[in-house]
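Heads up, the thing below is written out as structure tokens.
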Amino acid sequence: MAERCSIWLASWGKPMPRTIIATEAAPATPPSYSQAVKAAGLIFVSGTAPIDPATGQLVKGPVQVQVAQCLRNISAILVAAGSSLEKAASATLIVADEGDFAGANEEWLKWFPDNLPARQGAKMPVRIADMKVSIAMIAEA
């Protein structure tokens, strides 16, 4: 126990090592943020839109289709970081219309039938044409 405490104290005030995660298997992000950051044994995935990485275009359709695309993108980012959706610890589901929560939950449960990550919901602060959802996630590395 004393050894762990001295290691912790020795690292106090030092910058935490972190790795920027980027993969072409998921849509590119704007230059103002990363797809994800790996730090402290976790992977922090930025809000991810339902964009097809092959075309760079927003996948249009009902919220279920968009949730599935977001989760495919997040899955690719997590794999690039050495993790997976099975290690998801927390997620933020952001919808443009609160009426879409039921449909988003319907698709969510297909991807997470058990061992559900913690989750919170929010409403999008800005409108982007045809975009119904964005998902951010934290997973174990």
Could you check whether any side-chain N or O of [X] sits under 3.5 Å from a backbone N or O of [Y], counting only pairs where one atom can act as donor and the other as acceptor?
X: S46; Y: S34; result: yes
X: K38; Y: A81; result: yes
X: Q66; Y: P50; result: no

What I'd like to find out is whether the side chain of [X] reaches to under 4.5 Å of the side chain of [Y], using heavy atoms alone.
X: R119; Y: L93; value: yes
X: I51; Y: V59; value: no
X: Q120; Y: S90; value: yes
X: C70; Y: V67; value: no
X: K123; Y: E98; value: yes
X: P27; Y: N73; value: yes
X: R18; Y: F44; value: no
X: M124; Y: V126; value: no

For residues [X] and [Y], report the shortest heavy-atom separation together with the two atoms involved.
X: A76; Y: T23; answer: O-CG2, 3.9 Å
X: G61; Y: K132; answer: O-CE, 3.0 Å
X: A139; Y: S84; answer: CB-O, 4.4 Å

May I ask whether [X] and [Y] are part of the same hydrophobic cluster, defined by side-chain heavy atoms of I, L, V, M, F, W, Y residues being less than 4.5 angstrom apart, directly or through others?
X: F101; Y: F112; result: yes
X: Y33; Y: I43; result: no
X: L116; Y: V133; result: yes
X: I74; Y: L109; result: yes

Exercise. Does a side chain donor of either T29 or Q35 reach within less than 3.5 Å of an acceptor in the other side chain?
Worked result: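 No, no side-chain donor-acceptor pair sits under 3.5 Å.
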
Give, for atom [atom1] of [X] and atom [atom2] of [Y], the distance between the pair rounded to the nearest 0.5 Å.
X: S83; Y: L42; atom1: OG; atom2: CG; value: 9.5 Å
X: Q69; Y: K60; atom1: CD; atom2: NZ; value: 14.5 Å
X: N115; Y: L85; atom1: CG; atom2: CG; value: 11.5 Å
X: I135; Y: W108; atom1: CD1; atom2: CH2; value: 5.5 Å
X: T48; Y: M137; atom1: OG1; atom2: CE; value: 8.5 Å
X: N105; Y: Q64; atom1: CG; atom2: CD; value: 10.0 Å

For this session: Decide yes or no on side-chain contact (heavy atoms from CB on, under 4.5 Å) for T19 and I21, but give the supporting numbers first.
Result: CA-CA 6 Å; T19 304; I21 306 300; 4.1 Å; yes

Problem set entry | Full working for side-chain contact (heavy atoms from CB on, under 4.5 Å) between V45 and L78 | CA-CA 8 Å; V45 181; L78 290 174; 3.7 Å; yes

For this session: Answer yes or no: does atom CD of E24 have more than 12 heavy-atom neighbours from other residues, nucleotides or ligands under 6.0 Å?
Result: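 12 or below, so no.
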
